Number of protein chains: 2
Amino acid sequence: MRELRIGDLARATGISVETVRYYERIGLMPPPGRTQGNYRAYDRGHLERLNFIRHARTLGFDIAEIRSLLALAAQPATDCAAADAIASCHLTAVEAKIASLEALRAELTRFAGQCRGGAAADCRVLEVLADHRLCTGEHRLQTPEGPADTRRPAPR
Amino acid sequence: MRELRIGDLARATGISVETVRYYERIGLMPPPGRTQGNYRAYDRGHLERLNFIRHARTLGFDIAEIRSLLALAAQPATDCAAADAIASCHLTAVEAKIASLEALRAELTRFAGQCRGGAAADCRVLEVLADHRLCTGEHRLQTPEGPADTRRPAPR
DNA sequence: CTTGACCCTGCAGCCGCTACAGGGTGCATA
DNA sequence: TATGCACCCTGTAGCGGCTGCAGGGTCAAG
């Protein structure tokens with residue numbers, strides 16, 4: 001099988017050339033051999049490793065986790081429990097993130113899209129942001145009697 | 001009401017002192033007045049603005065969105081539709097993120113926590129990462145650094 | 001007069017890339 | 001042989017949204 005240039009590797013995995021070089025720089029990919037013209041020359045092992053990395057990134061594992069998983073995969077005799085622990089821990093984190101985003105969605109649906117076309121002074125969105133207690137269901141305008149913007153305008 | 005030091009503002013909003021200074025640096029907070037000892041001196045307007053920012057960040061708005069929302073809030077006469085559009089757009093993004101995380105969770109639950117205590121060579125987690133097609137239900141071993149087999153290289 | 005809490009500026013680092021600039025290589029075509 | 005073009009190289013800087021630190025200044029209490 002022919003040697004692979006970095007662009008071949010990129011096309012084969014869907015990872016950009018710059019990112020492949022970045023992975024090498026941070027030690028996630030081993031430095032490949034070089035051609036006479038100083039081009040990186042990859043083999044099938046590199047391709048498989050990069051695919052492994054891509055799959056793991058797609059699943060949301062961070063670089064440190066991937067490093068550990070690669071180390072475990074490189075030693076087939078070790079106990080698999082460590083790999084399972086990483087995955088389970090990651091699953092828990094994903095579930096937590098989903099929960100917090102769902103809470104966010106609940107709050108946003110409470111006021112987004114409720115525009116009645118009025119002026120900003122009556123805007124439900126801006127009201128809620130100005131006084132977060134409104135999120136809990138109350139509905140009162142917070143703009144004080146004086147103009148809300150006695151402060152200087154934001155620079156820039 | 002007394003002037004507020006940056007630490008007072010931080011305590012009152014739950015935003016760190018460093019972050020308040022950062023918001024000033026990027027023009028999200030207007031530069032406050034200074035005391036004789038060159039301390040920042042904030043007033044109630046600053047406190048309200050910072051609370052607005054915190055609420056918006058809590059809801060996941062990014063800095064650019066917050067800048068727009070603040071600009072709209074500062075001009076009570078303008079049409080509120082713009083604010084509503086920002087919020088609705090953000091809601092859509094949140095929903096998309098939830099959907100993609102749920103897909104992730106589905107994949108992860110398919111193999112995380114299935115450790116039978118064996119060696120890494122038989123590890124379901126590492127198998128899946130080495131050959132993502134396994135996610136769809138197949139079950140065959142493929143160590144990433146292992147000897148080249150007859151599997152064809154990934155297309156694309 | 002000293003202690004300690006607070007404040008100041010400026011800059012570097014985090015993560016995971018991404019995007020240049022400024023040059024070299026390799027192959028097909030005129 | 002010359003030319004063009006796609007590809008490759010190194011190095012560096014930037015993104016967003018902070019966070020942390022060094023090395024100093026200020027201020028009120030004891």
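Quick caveat, the model's predicted, so the values are computed rather than measured. Note on naming: letters A, B, ... go to the chains in the order of the sequence lines (proteins, then strands), and numbering restarts at 1 for each one.
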Using a 4.0 Å heavy-atom cut-off, does B:Arg21 contact any base of the nucleic acid, only the sugar-phosphate backbone, or nothing at all? base

For a quick check of understanding: with a heavy-atom distance under 4.0 Å over all strands, which category does A:Ile26 fall into, base, sugar-phosphate or nothing? nothing

From CA spacing to verdict: side-chain contact (heavy atoms from CB on, under 4.5 Å), A:Arg21, A:Arg40: CA-CA 10 Å; A:Arg21 282 196 285 249; A:Arg40 288 174 178 81; 3.5 Å; yes

Do any side-chain nitrogens or oxygens of [X] fall under 4.0 Å of OP1 or OP2 in [N]?
{"X": "B:Arg57", "N": "D:dC18", "value": "yes"}
{"X": "A:Arg25", "N": "D:dC9", "value": "no"}
{"X": "A:Thr19", "N": "C:dT18", "value": "yes"}
{"X": "B:Arg34", "N": "D:dG25", "value": "no"}

Point-to-point distance, once rounded to the nearest 0.5 Å, from NE2 of A:His90 to CZ of A:Phe61: 5.0 Å

How long is the gap from CZ on B:Arg124 to CG on B:Leu129, to the nearest 0.5 Å? 10.5 Å

Apply side-chain contact (heavy atoms from CB on, under 4.5 Å) to the pair A:Leu70 and A:Leu28, showing each step before the final yes or no. CA-CA 9 Å; A:Leu70 282 166; A:Leu28 200 56; 4.0 Å; yes

Select from B:Gly7 and A:Tyr39 the residue whose nearest nucleotide in DNA chain C is closer to the 5' end of that strand. B:Gly7

When you match A:Tyr22 and A:Gln36 each to their closest nucleotide on DNA chain C, which lands nearer the 5' end? A:Tyr22

Nearest-Å distance, [atom1] ([X]) to [atom2] ([N])?
{"X": "A:Arg11", "N": "D:dA6", "atom1": "CZ", "atom2": "P", "result": "13 Å"}
{"X": "A:Glu24", "N": "C:dG16", "atom1": "CD", "atom2": "C1'", "result": "17 Å"}
{"X": "B:Glu18", "N": "D:dA22", "atom1": "CD", "atom2": "P", "result": "13 Å"}
{"X": "B:Phe61", "N": "D:dG17", "atom1": "CZ", "atom2": "P", "result": "13 Å"}
{"X": "A:Leu28", "N": "C:dC15", "atom1": "CG", "atom2": "P", "result": "13 Å"}
{"X": "B:Met29", "N": "D:dC18", "atom1": "CE", "atom2": "C1'", "result": "16 Å"}
{"X": "B:Leu9", "N": "C:dC7", "atom1": "CG", "atom2": "C1'", "result": "14 Å"}
{"X": "A:Ile6", "N": "D:dT10", "atom1": "CD1", "atom2": "C1'", "result": "12 Å"}

Closest listed nucleotide, where the reference is the side chain of B:Asn38 and the choices are C:dC8, D:dT19, D:dC8: C:dC8

Give the nucleotide from the list C:dG16, D:dC18, C:dC8 with an atom nearest to the side chain of B:Arg40. C:dC8

Would you say the base of C:dG16 and the side-chain of A:Tyr23 have a donor-acceptor pair closer than 3.5 Å? no

If we only count heavy atoms from C-beta on, is the A:Ile26 to A:Ile63 side-chain gap below 4.5 Å? yes

